[in-house]
Amino acid sequence: MESWQPRFETLEALRLSSKGQLNYCRHWQEDEGALEGCVAPIELSPYCGWVLDSISGQSAPEITPSGTSTPKQSTPVSKRASAERVPPGSHRSSSPPSSTEPSETKGNDHLSPLETDQEVSPAVLSSKVAKVEGCIRMYEEMHRLKAKERLRQRQEEQEQMVRAAYAQASEQLKRFDELRELKRHQEFQELQEVMEKSSKEAQGQQEKLKEEHRHRAKILNLKLREAEQQRQRQEELERLRREEGQERLRRLYSIQEELLQLNQQIDPNYRHKDLPRIDLSAYSNRGNQICGLVSGLIRSTSERGFPTQADVANTERALQEMRGLISSMQQEITAALEEKKRKDEEEERQKRKELEKKEQMKTQTPVPAQQSGGKQQKEGLQVKTEESIMQWYQQLQDTAEQCVASFSEIGNCKGNTEVKKIKTNLQKAATIPVSQISSISGSKLREVFDKINNLLSGKAVQTEGQTVSVTQHPQGLEFVYYKLAEKFVKHGEGEVSFHHDSAFPIAVVLSGIWELHPRVGDIFLAHLHKKCPYAVPFYPARKEGTSMEEYQRMLGYEVHDSKVEEQDHFLKRMSGMIRLYAAIIQLRWPYGNKQGAHPHGLSYGWRWLAQMLNLEPLADVTAMLLLDFLEVCGSALVKQYGIQFWKTMFFIQKSYIPRIEAVTSAGQMGCLSRLKNFVQKCLQEKEIPVPKGILTPSFWRT
C-alpha cells in the first residue's frame, strides 16, 4: 500500500487541480471549438513538473542523508524541468498545485524515519512518472488524431457540399441561358410574324386605296359635269336676278323720290297761329331719319349689288310710315286745336270757381289742398299720357301684331316637321348671338353684329353646325324680326337688371341693327312698351271688366298661378329695361352710316323725360325710373340740350321731388333718397357723371 501512496497523492493532486475541477461536456464532439486544443502541437501537461517535484522531494531523504542540500538542488532542477515542459501561458495554471507543497511537506513531516525508509526508490518513481506521462501523452495524441481525423472528414464534407452547390448553380445557369435563348427565339419569331402580317395588311390597304381612288375619280368626273351644268344654271339665274334687281332698284329710287317729296311737307319751323307751343320737330326728325335710312339702304344695296325683295319691302314700309307720320302730324295739329279749345273752356270754368272760392274762403291758403295725401290731381300735372304719344304707342303695338300675323304658318307648325325644324333653327340663329353680346372686346362685339346683320340681310349663317337663312321660308324674315326684338327686351329685363354695365354693348348692337333694319326697332319698342309701359311713359288704367291679374300684367308685373311677383323683383326688371332704353337713345354703331340721323335718338329721350315730369308720380316707381334714366343718359342730354336740361333738373329738385314725397310711404324712401342725392350733387357740381361701363373709342380697337 505504501507503494501506491505517491500514486494516490498524484491522483488527489490532479483531482484538486483547476483542470480536475472542470465539468466536461459529453457532446464535445459536436462543438467545433473543442477541436482547437487538439490541433495545437503535443505538449506535456503543466502538472507533470509538480508531480516530478513531489516525487523527487519525497525520495531526496533516501539519497542524501543530510536532507539539506539535495532538496534545494533538486528543486531548481525539477522546477527547471517543469519550466522546460510547460509553455509560457501555463504558469498560472501550475501555481495552484505548487501552493500545496507546504501542506504536503507538512504532511510528510509526521512520518517516522522507518516509514520514510520504506518508500520507493527514485528509479522506481521515475519509471512510474514516465509511465504516467506516457499515458497522458498517448491519450492526448489519440484525442488529437481523432480530432484531426474528424476535422479532415468535416472539411471533405464541406468541400463536397461546395462542389455540389457549384455544380447545381452551373446547371441552373445553363438552364437560365437556355430559357433566355428560347424566349429570344420566340420573340424573334413573333416579330417576324407581325412584320409579315403588317406587310400583308399594308398591301391590302394599298389595294383598297387604289380602288377608292378609282372610285373617287369617277365621282369627281360626275361632279365636274354636274358643276358645269350648275354653273350654266347659275348664269341663267344670275341673269334673271340681275334683271329683277334692276327692276327693284328702279322701284327703290321711285320710293326715295316720293319720300323726299313727302318730307318736304314737314316744316320743323312751322308754328300754328293758335298753337304757338306746338312743336313739329319730332316729325321732322323722324322724317329725316326715314329718308336717311332709305338712302343708306339704297347705298348699301348698291355696294353689294342689287336690292333684295326685303329691301323693297323695307322701303315700302318706310314710305307707309312717312305717310302715317304726315297723317299723325295733321291729327296732332287737329287734336291740339281741340285740346286748346277744351283747356280754354276749362280754364274759364276754373277761374270762375276760384273766384267763388276766394270770396267764400278768404282766409284759406292752397297749402292744405296740396297736402291732401296725393290722391287728388295736382295742379299742372296730367293723369293720362298725351294723345299723340298714345297714338304712337298704339301704332307700335299694331306693327307687332301685324308681324305676328305675317308668320302664322311658322308660328303654328305643329304637324309640319320641316317647317318646325326651320323655325327652331331660325330662332336659335336670332337669339344665340344676342346672348353672346359682352364688353370683352370690340372685335367680338363686331362679330356678333355681323352675324345678326347677315341673318337679317338674307345671307346664310352657321348656327350649331347648321346653315340657316331667312330665305328658307317666305315668312322667315318676319319671324326673325319678332324673335330678335323679343330677345333684346328679355336681355334688358334679365341681364341688364343684374349687370348695369351690360346695357351699353347690347344698346350699341341694337342701335346698329335698328339703323339698318328699322322694323326690328319698331318691334323692339312694341315689346318694350308691353313689358314696361313706363318706357312710353304710360300708366295703364284699369278698365271695367278687367280682372286684377290682367291689370297687374298691364302694369308690367309677372303673374304666375295667380301669384304676383315681389315688388323688388318688379322694380329690378323695370330698371334694367329703362337703362337699356336710355343707353340706346345715346349710342350709335360706330361702323354704320354716320351721315344719317339716329333711328331713335336723344330727342325721344328728351320727350320721355318731359312727359314723365308732366305725369302724376307713382310711389317707388317714378323715383327709380328717373334715377336710372338720368344716371345712364344724363351726361348725353347735357351735351345736347345744355341750359334747358339744367332747368329741368332744377324743376325736378324744387317741384317734382316734393310731389313724389307726397305719395311715397316711409318704407319706400330708398329710391327717392338716392334720386334726391343724385340731383343735388349734379346741381352743386354742375356736371352729370359719365355712366359706368360706357364704351370708349379705345374699346373698339381691342
Quiz item: Got a donor-acceptor contact below 3.5 angstrom from the S511 side chain to the I584 backbone?
Solution: no
Exercise. Let me see the working for E486 and K530 under salt bridge (Lys or Arg N to Asp or Glu O under 4.0 Å), right down to the final yes or no.
Key: CA-CA 11 Å; E486 184 182 41; K530 193 170 183 179; over 6 Å; no
Quiz item: To the nearest 0.5 Å, what is the distance between OG (S469) and CD (Q472)?
Solution: 6.0 Å
Self-check item: Separation of L637 CG from F629 CZ (nearest 0.5 Å)
Solution: 5.5 Å
Exercise. Take R233 and Q230 through the side chain to side chain donor-acceptor pair (under 3.5 Å) test and state the conclusion after the steps.
Key: CA-CA 5 Å; R233 288 194 297 268; Q230 183 70 17; 2.4 Å; yes
Self-check item: Salt bridge K174-D177, side-chain N to carboxylate O under 4.0 Å
Solution: no
Quiz item: Looking only at heavy atoms, what is the nearest atom pair of A597 and R588, with distance?
Solution: O-NH2, 3.8 Å
Practice problem: Take I585 and C633, measure what side chain to side chain contact (heavy atoms under 4.5 Å, CB included) needs, and give me the verdict at the end. | Solution: CA-CA 8 Å; I585 62 177; C633 73; 4.1 Å; yes
Exercise. Output yes when a side-chain donor or acceptor of H517 lies under 3.5 Å from a complementary backbone atom of R519, and no otherwise.
Key: no
Quiz item: What do the steps show when you test I437 against F488 for side chain to side chain contact (heavy atoms under 4.5 Å, CB included), and what is the final call?
Solution: CA-CA 10 Å; I437 295 175; F488 273 116; 4.0 Å; yes
Practice problem: Return the minimal non-hydrogen interatomic distance between L587 and F504, and the atom names on each side. | Solution: CD1-O, 3.6 Å
Self-check item: Working for salt bridge (Lys or Arg N to Asp or Glu O under 4.0 Å), residues R184 and E187
Solution: CA-CA 5 Å; R184 188 184 64 80; E187 290 176 356; over 6 Å; no
Quiz item: When the ring planes of W589 and F449 are compared, do they come out parallel, tilted or perpendicular, using 30° and 60° as the limits?
Solution: parallel
Quiz item: P505 and S438: which non-hydrogen atoms are nearest, and at how many Å?
Solution: CB-O, 3.8 Å
Exercise. Give me the ring orientation class for F538 and Y393: parallel if the planes are under 30° apart, tilted from 30 to 60°, perpendicular past 60°.
Key: tilted
Practice problem: State whether R175 and E171 are salt-bridged, where the test is any N-O pair (Lys NZ or Arg NE/NH1/NH2 against Asp/Glu carboxylate O) under 4.0 Å. | Solution: yes
Quiz item: When the ring planes of Y482 and F407 are compared, do they come out parallel, tilted or perpendicular, using 30° and 60° as the limits?
Solution: tilted
Practice problem: Indicate the atoms forming the closest heavy-atom contact of L445 with F699, along with that distance. | Solution: CD2-CE2, 3.9 Å
Table please: side-chain donor-acceptor pairs of residues 214-227 below 3.5 Å, with sequence neighbours left out.
residue, atom, partner, partner atom, Å
R214, NH2, E211, OE1, 2.4
N221, ND2, A217, O, 3.1

Quiz item: Is any side-chain N of the basic residue among E418 and K421 closer than 4.0 Å to the acidic one's carboxylate O?
Solution: no
Quiz item: What closest approach, in Å, do V489 and L528 show between heavy atoms, and which atom pair accounts for it?
Solution: CG2-N, 3.8 Å
Distance-only criterion, 3.5 Å: show the donor-acceptor pairs between side-chain atoms of residues 571-580 and protein atoms not counting sequence neighbours.
residue, atom, partner, partner atom, Å
R573, NE, E565, OE1, 3.3
R573, NE, E565, OE2, 3.3
R573, NH1, E493, OE1, 2.8
R573, NH2, G556, O, 2.6
R573, NH2, E565, OE2, 2.4
S575, OG, D628, OD2, 2.6
R579, NE, D628, OD1, 3.4
R579, NH2, D628, OD1, 3.2
R579, NH2, E631, OE1, 2.5

Exercise. Would you give the length of the straight line joining atom CD of Q427 to atom CZ of F479, rounded to the nearest 0.5 angstrom?
Key: 4.5 Å
Quiz item: From E478 CD over to I523 CD1, what is the distance, rounded to the nearest 0.5 angstrom?
Solution: 6.0 Å
Self-check item: Residues Q567 and Y557: side-chain donor-acceptor under 3.5 angstrom
Solution: yes
Quiz prompt | Heavy atoms of other groups near E316 CD, more than 12 under 6.0 Å | solution = yes
Quiz item: Which heavy atom in Q586 sits nearest to a heavy atom in L602, and how many Å separate them?
Solution: CB-CD2, 4.0 Å
Quiz item: Between K197 and E193, is the closest basic N to carboxylate O distance under 4.0 Å?
Solution: no
Quiz prompt | Atom pair CG (L259) and CD (E321), whose distance is rounded to the nearest 0.5 Å | solution = 10.0 Å
Self-check item: N/O donor-acceptor pair under 3.5 Å between S199 side chain and E196 backbone
Solution: no
Self-check item: Residue pair Y604 / H598, side-chain donor-acceptor N/O under 3.5 Å
Solution: no
Exercise. Please test D398 against Q394 for side chain to side chain donor-acceptor pair (under 3.5 Å), starting from the C-alpha separation and ending with a verdict.
Key: CA-CA 6 Å; D398 293 341; Q394 192 59 45; 3.2 Å; yes
Exercise. Calculate, to the nearest 0.5 Å, the distance between atoms CG and NZ belonging to N454 and K459 respectively.
Key: 5.0 Å
Quiz item: Are E157 and R154 close enough for a salt bridge, meaning some N to O gap below 4.0 Å?
Solution: no
Quiz item: When you look at CD1 of I440, are more than 12 heavy atoms from neighbouring residues, nucleotides or ligands closer to it than 6.0 Å?
Solution: no
Quiz item: Does the side chain to side chain contact (heavy atoms under 4.5 Å, CB included) test come out yes or no for E207 and Q203, once each step is laid out?
Solution: CA-CA 6 Å; E207 292 295 331; Q203 291 178 358; 5.6 Å; no
Quiz item: side chain to side chain contact (heavy atoms under 4.5 Å, CB included) with L426: which of L477, V470, L484?
Solution: V470
Quiz prompt | Salt bridge K451-E447, side-chain N to carboxylate O under 4.0 Å | solution = no
Quiz item: Would a 4.5 Å heavy-atom cut-off, applied to side chains only, mark E258 and L319 as touching?
Solution: yes
Practice problem: Test side chain to side chain contact (heavy atoms under 4.5 Å, CB included) on K487 and S435 and set out the steps. | Solution: CA-CA 9 Å; K487 181 62 177 178; S435 302; 3.3 Å; yes
Self-check item: Heavy-atom side-chain contact between Q205 and E201 under 4.5 Å
Solution: no
